[in-house]
*Asks:* 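Sharing a structure here in structure tokens format.
Basis for what follows: all heavy atoms, side chains included, without hydrogens, waters or symmetry-related copies.
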Amino acid sequence: MTRRLLIVAHAPSPNTQRLREAATRGARHPDLEDIEVVVKAPLDAGPDDIRACDAILLGTTENLGYMSGALKDFFDRSYYAVLEEKQGLPCALYVRAGHDGTGTRRAVESIVTGLRWRWAQSPLVLCGDWREGFTDQVEELGLYLAAGLDAGIL
């Protein structure tokens, strides 16, 4: 049975686009056989995408100590529409933070708690100046989430 991983990631810059591509690359690892990966920008994703997925990977920038407006808009349009039917949805998050990412992480965690989704692993916060290793970390996050789906443990 093919399982669907939805990646909803805000990518306004070349580096954040690289992060979204890394998440996708990890999730589409050739050793994973029964995973369909759907990648959307937050403004293009909505409740129907959530209903159709078996897990979700969220990506956002830190904007003024909060998640991106685009990801917030995604949650605003989707929250009540999926609240009852997608409880327990496995999820993961990466944050590209220029500072410490605390406010961004806390805001997304609050929404995820309200939705009653469950963390497949702790949020990944990529702090400070850009480092090439960020893409490796996000690729691993995508791989581990997809592998958990593929193995039937999520």
*Asks:* Considering only residues two or more places apart or on different chains, which pairs with a residue in residues 62-78 satisfy salt bridge (Lys or Arg N to Asp or Glu O under 4.0 Å)?
*Replies:*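 Sorted pair list: Lys72-Asp76, Asp73-Arg77.
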*Asks:* Can you check side-chain hydrogen bond (donor to acceptor under 3.5 Å, both in side chains) on Thr61 and Asn63, steps first, answer last?
*Replies:* CA-CA 6 Å; Thr61 52; Asn63 292 16; 2.7 Å; yes
*Asks:* Scan for side-chain hydrogen bond (donor to acceptor under 3.5 Å, both in side chains) pairs involving residues 89-100, sequence neighbours excluded, and state none if there are none.
*Replies:*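 side-chain hydrogen bond (donor to acceptor under 3.5 Å, both in side chains) check on residues 89-100 returns Asp100-Thr102.
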*Asks:* Quick one: side chains of residues 121-130, donor-acceptor pairs under 3.5 Å with protein atoms, not counting sequence neighbours, listed by atom name and distance.
*Replies:*
unit_1, atom_1, unit_2, atom_2, d
Trp130, NE1, Glu132, OE2, 3.1

*Asks:* Nearest 0.5 Å, what's the CD1-CG distance between Ile56 and Leu5?
*Replies:* 8.5 Å
*Asks:* From Ser68 OG over to Leu43 CG, what is the distance, rounded to the nearest 0.5 angstrom?
*Replies:*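 The OG atom of Ser68 sits 8.0 Å away from the CG atom of Leu43.
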*Asks:* Are the side chains of His10 and Thr16 in contact, using a 4.5 Å heavy-atom criterion?
*Replies:*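 No. Closest side-chain heavy atoms not under 4.5 Å.
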*Asks:* If you take all heavy atoms of Pro47 and Val82, which pair is closest and at what distance?
*Replies:* O-CG1, 3.8 Å
*Asks:* Please examine the side chains of Val95 and Val108, heavy atoms only from C-beta on, and report whether any two atoms are closer than 4.5 Å.
*Replies:* no
*Asks:* Answer yes or no: is there a side-chain heavy-atom contact under 4.5 Å between Leu83 and Leu115?
*Replies:* yes
*Asks:* With rounding to the nearest 0.5 angstrom, report the CG to CD1 distance, Asp49 to Ile7.
*Replies:*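 The CD1 atom of Ile7 is 12.5 Å from CG of Asp49, to the nearest 0.5 Å.
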*Asks:* List the residues meeting side-chain hydrogen bond (donor to acceptor under 3.5 Å, both in side chains) with Arg4, not counting sequence neighbours, and say none if there are none.
*Replies:* Glu36
*Asks:* Indicate yes or no: at least one non-hydrogen side-chain atom of Thr104 is less than 4.5 angstrom from one of Thr60.
*Replies:*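 A side-chain contact exists here, since the closest heavy-atom pair is under 4.5 Å.
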*Asks:* Please list all pairs passing the ring-ring contact (aromatic ring centres under 6.0 Å, His included) test where one or both residues lie in residues 35-93, with sequence neighbours left out.
*Replies:*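 Every candidate ring-ring contact (aromatic ring centres under 6.0 Å, His included) pair involving residues 35-93 fails, so no pair, neighbours aside, qualifies.
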*Asks:* Mind checking the CG-CG spacing from Asp54 to Leu89? Nearest 0.5 Å is all I need.
*Replies:*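 If I round to the nearest 0.5 Å, the distance is 8.0 Å.
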*Asks:* Report all side-chain donor-acceptor pairs from residues 140-153 shorter than 3.5 Å, counting only partners two or more places apart or in another chain.
*Replies:*
unit_1, atom_1, unit_2, atom_2, d
Asp150, OD1, Asp34, N, 3.2

